[in-house]
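Single-structure report; data block below.
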Amino acid sequence: MLFKDEHLKGIKAGKIKICFRIWNQNKIKVGSEINTNQGIIKIKSIQIVNKDEISERDAKLAGFTSKDSLLITLKPFNKNVKGKIYKIEVAFHSEDPRIFLRNQKLNQNNEQMITSKLERLDKVSRNGHWTKKILLTIKNHPKQNASELSKITGFEKEWLKLNVRKLKNIGLTISHPAGGYEISPLGDSLIKFFLKKKDDSF
């Protein structure tokens with residue numbers, strides 16, 4: 001579930017408490033926690049509504065100036081848009097733990113732990129040993145999105161998006177709100193460590 005950066009900031013500040021989506025079927029569960037670049041957002045409740053049940057107050061709690069401006073973003077009257085309108089209550093839960101991870105200094109303990117995680121990701125992947133290749137590509141081509149990285153590496157775009165997120169969860173990469181990826185301080189230190197030991201994966 002994606003949020004605009006301005007809405008994430010509003011949720012974090014407690015000004016935005018609900019959001020609306022049009023889905024063919026519900027994609028999230030009550031109690032789910034979603035990692036975002038502003039921290040972890042918790043889903044408190046979900047209900048299906050029709051457009052007449054959306055109030056002006058709802059629109060303002062969703063970060064819009066009016067109900068009309070909200071409905072424009074939902075486009076519920078467009079005959080090409082199918083699905084139901086979901087009203088979702090959200091709240092800021094906590095800071096993103098990955099921020100702490102990515103700013104750690106590399107040491108003997110976390111180097112061994114991270115290396116083991118990368119080895120496991122490589123082992124179960126249909127694309128073989130990919131983790132270090134992707135890390136080095138992101139370092140050499142910062143702020144490139146999945147489409148561009150796909151052209152550079154030859155890996156499929158959607159596969160890349162899913163697996164770069166796994167590197168992010170370890171604290172090795174950073175996603176930008178406008179799109180694209182960058183190596184984190186921890187990831188950069190890890191690459192230097194591998195290069196220093198002349199790892200054959202690079």
Side-chain angles (χ1 to χ4, degrees), residues 1-5 8 21-29 31-43 82-83 93-202:
M1 183 176 177
L2 300 177
F3 298 89
K4 290 185 177 180
D5 198 48
L8 286 174
R21 296 290 189 274
I22 289 184
W23 291 327
N24 289 323
Q25 60 181 10
N26 185 10
K27 298 183 178 181
I28 54 174
K29 296 180 180 179
S32 297
E33 295 175 2
I34 301 173
N35 278 316
T36 75
N37 65 351
Q38 291 292 326
I40 298 177
I41 305 301
K42 187 163 188 174
I43 305 301
K82 298 180 181 179
H93 182 263
S94 62
E95 296 292 343
D96 188 343
R98 295 172 298 184
I99 295 175
F100 170 77
L101 288 175
R102 71 193 189 199
N103 289 313
Q104 287 187 95
K105 291 184 178 180
L106 190 69
N107 56 51
Q108 186 176 0
N109 291 329
N110 62 15
E111 178 270 316
Q112 292 176 345
M113 178 185 67
I114 294 168
T115 300
S116 295
K117 289 182 178 180
L118 295 183
E119 289 173 351
R120 285 197 294 272
L121 288 175
D122 286 337
K123 186 176 181 179
V124 301
S125 173
R126 58 182 170 83
N127 285 314
H129 294 267
W130 62 272
T131 55
K132 294 171 186 175
K133 179 179 179 179
I134 294 300
L135 285 171
L136 192 60
T137 301
I138 293 173
K139 177 178 171 62
N140 293 334
H141 302 274
K143 299 184 180 179
Q144 296 297 312
N145 59 29
S147 294
E148 293 302 317
L149 291 178
S150 177
K151 294 175 185 176
I152 295 168
T153 62
F155 292 127
E156 191 267 330
K157 174 185 171 183
E158 293 304 317
W159 180 91
L160 261 173
K161 289 170 69 175
L162 175 64
N163 285 281
V164 171
R165 191 176 301 125
K166 294 176 183 177
L167 299 177
K168 182 179 178 181
N169 290 338
I170 302 173
L172 302 179
T173 64
I174 300 169
S175 298
H176 291 275
Y181 308 101
E182 189 173 3
I183 287 294
S184 71
L186 178 63
D188 189 58
S189 296
L190 187 68
I191 289 173
K192 290 176 181 176
F193 169 79
F194 286 137
L195 291 173
K196 186 176 181 179
K197 63 181 286 191
K198 298 181 180 179
D199 191 302
D200 292 337
S201 300
F202 284 99

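Source: prediction; values computed, not measured.
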Minimum side-chain heavy-atom gap S189-K105 below 4.5 Å: no

Closest non-hydrogen contact found for T173 with L135 is CG2-CD2, 4.0 Å

Separation between CD1 of I138 and CD of Q144, rounded to the nearest 0.5 Å: 10.5 Å

Verdict with reasoning, I41 to N35, per side-chain contact (heavy atoms from CB on, under 4.5 Å): CA-CA 7 Å; I41 305 301; N35 278 316; over 6 Å; no

Could you report the tightest heavy-atom contact between E33 and I40, atom names first, then the distance? CB-CG2, 3.6 Å

Indicate the atoms forming the closest heavy-atom contact of Q104 with L186, along with that distance. O-CD1, 3.7 Å

Under a plain distance cut-off of 3.5 Å, with no hydrogens placed, do H141 and E148 share a side-chain donor-acceptor pair? no

Any side-chain heavy atom of K29 sitting closer than 4.5 Å to one from I43? no

Shortest non-hydrogen separation from L8 to Q38 and the atoms involved: CB-CG, 3.5 Å

Please assess E156 against S150 for the test side-chain contact (heavy atoms from CB on, under 4.5 Å), listing each intermediate value before the final yes or no. CA-CA 6 Å; E156 191 267 330; S150 177; 5.5 Å; no

Backbone of N107 reached by a side-chain donor or acceptor of N110 within 3.5 Å: yes

Are any of the side-chain heavy atoms of R126 and W159 separated by less than 4.5 Å? yes

How long is the gap from CG on L190 to CZ on F193, to the nearest 0.5 Å? 7.5 Å

For the student: nearest non-hydrogen atoms of G171 and S184, plus distance: O-OG, 2.6 Å

Atom pair NZ/OG of K161 and S147 - distance to nearest 0.5 Å: 7.5 Å

Just by distance, no angles: are the side chains of E111 and T115 close enough, under 3.5 Å, to form a donor-acceptor pair? yes

Just how far is it from atom NZ of K42 to atom OG of S32, taken to the nearest 0.5 Å? 9.5 Å

pair F155-L149: side-chain heavy atoms closer than 4.5 Å: no

A side-chain contact here means heavy atoms from C-beta on lying under 4.5 Å apart; do I134 and N163 qualify? no

Shortest non-hydrogen contact from N169 toward L101: O-CD1, 3.5 Å

Taking the six-membered ring of Y181 as reference, does the NZ or CZ atom of R102 fall below 6.0 Å from its centre and within a 45° cone about the axis? no

Inter-residue atom distance L172.CG - K166.NZ, 0.5 Å rounding: 14.0 Å

Could you check whether any side-chain heavy atom of K157 comes within less than 4.5 Å of a side-chain heavy atom of L160, counting everything from C-beta outward? no

Gap separating the CG atom of L167 from the CZ atom of R165, nearest 0.5 angstrom: 11.5 Å

More than 12 heavy atoms of other residues, nucleotides or ligands under 6.0 Å from CD of Q25: yes or no? no

How about L121 and W130: do any of their side-chain heavy atoms sit closer than 4.5 Å? yes

Go through the steps for Q112 and Q108 under the test side-chain contact (heavy atoms from CB on, under 4.5 Å), then give the verdict. CA-CA 6 Å; Q112 292 176 345; Q108 186 176 0; 3.9 Å; yes

